[in-house]
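This report refers to the structure that appears directly beneath it.
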Amino acid sequence: MKRKHACSTAISLLALLLLAACGNTPAGGGDSGGKAGTNAGQPAKASAWAEKAGLNKTEKPEELYAKAKEEGKVVIYSQSSRISDVKDSFEAKYPGVKVEAYNISSVDMLEKLVREHGAGVYNADVVFAKDVGGSFTMELLKKGIVHSYKPSDITDKMTEPYKTQVEGLVPYLEARGIFYNTDAYPAPPISNWWDLTTPEWKGRVMISDPLKSADTMDLLLAFVQNADDMKQAYKEKFGKDIELGDSPNAGYEFIRRLAKNDPVLSNSGGDVVKAIGKPGQSKPPVGLTVTTKLREGQSQGLKLGVSYDIKPKVSHVEQALLFVGDQSAHPNAAKLLIRWMAGEADGKAAGLNPFNIPGAWPTRSDVRPGEQLPLGKLNVWKYDPAFNYENAVKVRDFWLKQQ
């Protein structure tokens, strides 16, 4: 494999994933209860603190604002830099409640929350993250390091599975798409994931290093979980049944063939779109990154398109999760900020606007998406935190064997 602007030694995602498993279960917190995944899709047992903080209630924003002004501020750990826009609109709407925002990657946030909680430090009021191999759902939520807050006047307007089947509030989702250069390719050059394993694309596929990118690792896990779909897509592409060799299933075999086709490993999605979208290229690469990079790249004058018509699926969904941090010092301000970021009861709150952009899809049925492709026509696999949590080590080790 080739690495573009990458460190010589990859950072192990596994070590960060396992940090949560080493954390102490807080007094009164939920118990993971044996085998990982057995409680997936069910609400974590509420702690005494969460009940006292009213995380099981649906309160009007006016009530919360009155209490939030007494608290004075709210601290949020955010996986998105767009939290600065949320800060501005929230403080304008709710004077007297300051937002203290920290932009931290979900992987670093996972480590930070586990270490802080183990030391008895409860700094984060709101946690805004992606699931990192299921660790936020299967460990932090189950152990009570973060708590779910899903007011019914907002979740009632969400589509399934986000209304009742996901632990944590999901205001919007993204996907991991195949990007291409629109100058070089008037139409998407990739229509099947197996295209990326062919000689035509040898050394011309860019991805964020899965040992550094939890989102890329989650995508590899989606291929493994949905191996039957990958098997059928292989037959559609090559006209014959797949031969697995030593691979456990067609998802693993796809990973093996992709790795052997010399993908270019990058440090970030920004690097991926810059290399792909540079104008004037005669034979540019294609690459995988989050779909919201489309708007960012176009604002930089890059020539970018995303392939949404891919066999067997575009990819899996990437869920943006909102939680309340355990023992939050400002619980009412936390609830008010989460409601703001979810669009409030009427769907019109400006806190959702920075995330309702091309390449992202609000989970609410009453909010018009900024993306032209409707959510109902986005052909993706569901995100399965229990599967990812239980299989991340296996897929990581399999990837390492291919290098």
SB check Glu63 Lys67 (cutoff 4.0 Å): no

Residue pair Ser208 / Gly269: nearest heavy atoms and the distance that separates them: OG-N, 3.6 Å

Reported NZ-to-CG distance for the pair Lys394 and Leu220, which is rounded to 0.5 angstrom: 15.5 Å

Heavy atoms of other groups near Lys311 NZ, more than 12 under 6.0 Å: no

Residue Arg82 excluded, over 12 heavy atoms near CZ under 6.0 Å: yes

Short N-O contact, Glu344 and Lys348, less than 4.0 angstrom: no

Salt bridge Asp246-Arg256, side-chain N to carboxylate O under 4.0 Å: no

Distance, nearest 0.5 Å, that separates CG of Asp326 from NE2 of His117: 3.5 Å

Pair Glu167 + Lys150: basic N to acidic O under 4.0 Å: no

Other residues, nucleotides, ligands: >12 heavy atoms within 6.0 Å of Asp309 CG: no

Counterpart residues, ring-ring contact (aromatic ring centres under 6.0 Å, His included), relative to Phe398 (two or more places apart): Tyr252

Carboxylate-amine/guanidinium proximity below 4.0 Å for Lys130 and Glu174: yes

Backbone N/O of Pro354 and side chain of Asp85: donor-acceptor pair under 3.5 Å: no

Ring geometry between Phe128 and Phe355 (parallel below 30°, tilted from 30 to 60°, perpendicular above 60°): perpendicular

Lys/Arg N to Asp/Glu carboxylate O, Glu116 vs Lys112, below 4.0 Å: yes

Point-to-point distance, once rounded to the nearest 0.5 Å, from CG of Asn192 to CE of Met230: 7.5 Å

Carboxylate-amine/guanidinium proximity below 4.0 Å for Arg176 and Asp215: yes

Asp366/Arg364 ion pair, N-O < 4.0 Å: yes

